[in-house]
Amino acid sequence: MKEVEKYWNPVVETLPPEKLKELQLKKFQNIFKWAYEHSKFYHRLYTDAGIEPGDIRTFEDIRRVPKVEKSMMRAIQGKDPYPYGDMLCVPLERVTIYHQTSGTTGQPVYQADSWQDWEWWAEAWACLLYAQGYRDYDRLFLPFGYNIFVAFWGAHYGAEKLGCEVVPGGVLNTEARILKMQELRATAMAATPTYVLGMADTARRKLAIDPAKDLTIRKITVAGEAGGSVPATKKRMEEAWGAKVYDHVGATEIGAWSYECSYQSGLHVNEALFLVEIEDIDSGEIITGPEKRGKMVITALDRMAQPCIRFDSKDIIQWGPDECECGRTFRLLKGGVIGRADDITKVKGVLLAPTSIEEVVRSIPELSDEYEVLVTKKGDLDDITLKVELIPGQPNNNIETIRAKLIDQLRIKTNLGYNLEFHEYGALPRYDVKAKRFKDLRQKE
Amino acid sequence: MAEGYNVKEMAEKVQAIKEAATELQNISSGIQAVDRNVDRILASVKMLEINISDIVDIA
């Protein structure tokens, strides 16, 4: 393959790290100035902090810029200019599309984009899809409900941009989507990990279709949940579909900021479009190396209508120690997004990331894809229950052996003991989009 | 990597497209079919700036 064909943009994607930093600093200065001059919200925030555009000369200066939290966005929305509030940098007439967050952590946040920002969304997606091997001969099936959530809208427009044929599988039900994929010989799809596994299950049980043999999907981009970077979940998806699965992480209020490339070495941060900083959770100090995980603070460097500057995303991430063989100089994250600061919680005094439980459950082939974790309080003590399902007809369906394996692996991965409940296949809830498998009920008791 | 590509020359062409599109909008007398399509051209031009023009002084 010619060098130029390996990248969406070889000029930017292979910039030496010091040049990339120079570009990020220049872009941060521009977006800061733009927001300071055009958004009442940002002007107030920065004036109160005593920072003006001319003060941003180094990365150290950037770290003095106040962070933005979701609660601040919620506080201004619903006011003029309605419904976004005064974070907007453009008149309402320049806003061409509305989306909102799912509201998983509270009141949904409204997000305005101009036509230029929507091009920017498509650009970021085109870059990531190209890195995952999508080309103009691909027929990409998008089995998601086209609605107010940004979800895979960006995939649609990004794929169009790089020349793919996009099949919008919007209001079809799961069976109809699978049959349409088969009929059209779709080569790729994008969905949440939960839905990728759920579709495979439906195909086998209800349609007697084995996705790996009877369908032609060979590339899957997953987003919306952590599963794409959980090795056992990724393995299950790849085996079920006979396809390569690539992770992508983005967010409504941020953009499409990271992706796995075809080398599957970890999540690349698109450092030409985003500045990612990792903060120590306790001290707030910036972590620049791969030695420890921390909380992400992110800036979308080119998003203009409703800017995202030093947004405290609460995502827990860690820089990877290695460079990717793909030749991109965009840095890698180790283990993808490990969790959200909101989700990583102390149980029995131990810090627990729910993705660790997922990794254990899905590494045991006798268990189904579904599981549920309940954290409760018995008196003063935390109590944690893991519910799993047995796959029917497994030759090694020896519950005691599986129980021993679970106890052992959970202890190693999470350092906790669990009450284990085994359920019949199909007994636990199924989810179509984002799953809610971790339920911390302690505050409600 | 950038040295293998005509970044500076491409950036000049991007600027020329931007200027031509803006001039077109300036003489449109408010014809929506012109103005709105120029808006879209300019949004695409911005993506070219992100990909090429922003790099000129750096690469």
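Per chain, numbering begins at 1; letters A, B, ... match sequence-line order.
At a 4.5 Å heavy-atom cutoff, the contact between Glu119(A) and chain B is made by backbone and side-chain atoms alike. Interface remark: Lys21(A) contributes no atoms to any contact with chain B (heavy atom separation under 4.5 Å). Residue contact with chain B, scored on non-hydrogen atoms closer than 4.5 Å, is absent for Leu301(A).
Asn51(B) has its side chain out of reach of Val11(A): every pair of non-hydrogen atoms, C-beta onward, lies at least 4.5 Å apart. You'll find the side chain of Ile50(B) reaches within 4.5 Å of the side chain of Lys27(A), heavy atoms only. Contact of the Met47(B) side chain with the Lys161(A) side chain is registered, since non-hydrogen atoms from C-beta on lie closer than 4.5 Å.
Enclosure of atom CD in Glu323(A) is not indicated, since only 12 or fewer non-hydrogen atoms of other residues, nucleotides or ligands lie within 6.0 angstrom. Around the CD atom of Glu325(A), the shell of radius 6.0 Å holds no more than 12 heavy atoms that belong to other residues, nucleotides or ligands. The environment of Arg94(A) atom CZ is sparse: at most 12 non-hydrogen atoms of other residues, nucleotides or ligands sit within 6.0 angstrom. More than 12 heavy atoms of other shown residues, nucleotides or ligands fall within 6.0 angstrom of atom CZ in Arg135(A).
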Start with the C-alpha gap between Gln116(A) and Asp39(B), add the side-chain angles, then the distance that decides, and say whether side-chain hydrogen bond (donor to acceptor under 3.5 Å, both in side chains) holds.
-> CA-CA 8 Å; Gln116(A) 180 181 300; Asp39(B) 279 348; over 6 Å; no
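Lys26(A) contributes a side-chain N or O that, together with a main-chain N or O of Asp54(B), makes up a donor-acceptor pair within less than 3.5 Å.
Taking CD1 from Ile55(B) and CG from Asn9(A), the interatomic distance works out to 7.0 Å, rounded to the nearest 0.5 Å. The distance from the NZ atom of Lys19(A) to the CD1 atom of Ile58(B) is 8.0 Å, given to the nearest 0.5 Å.
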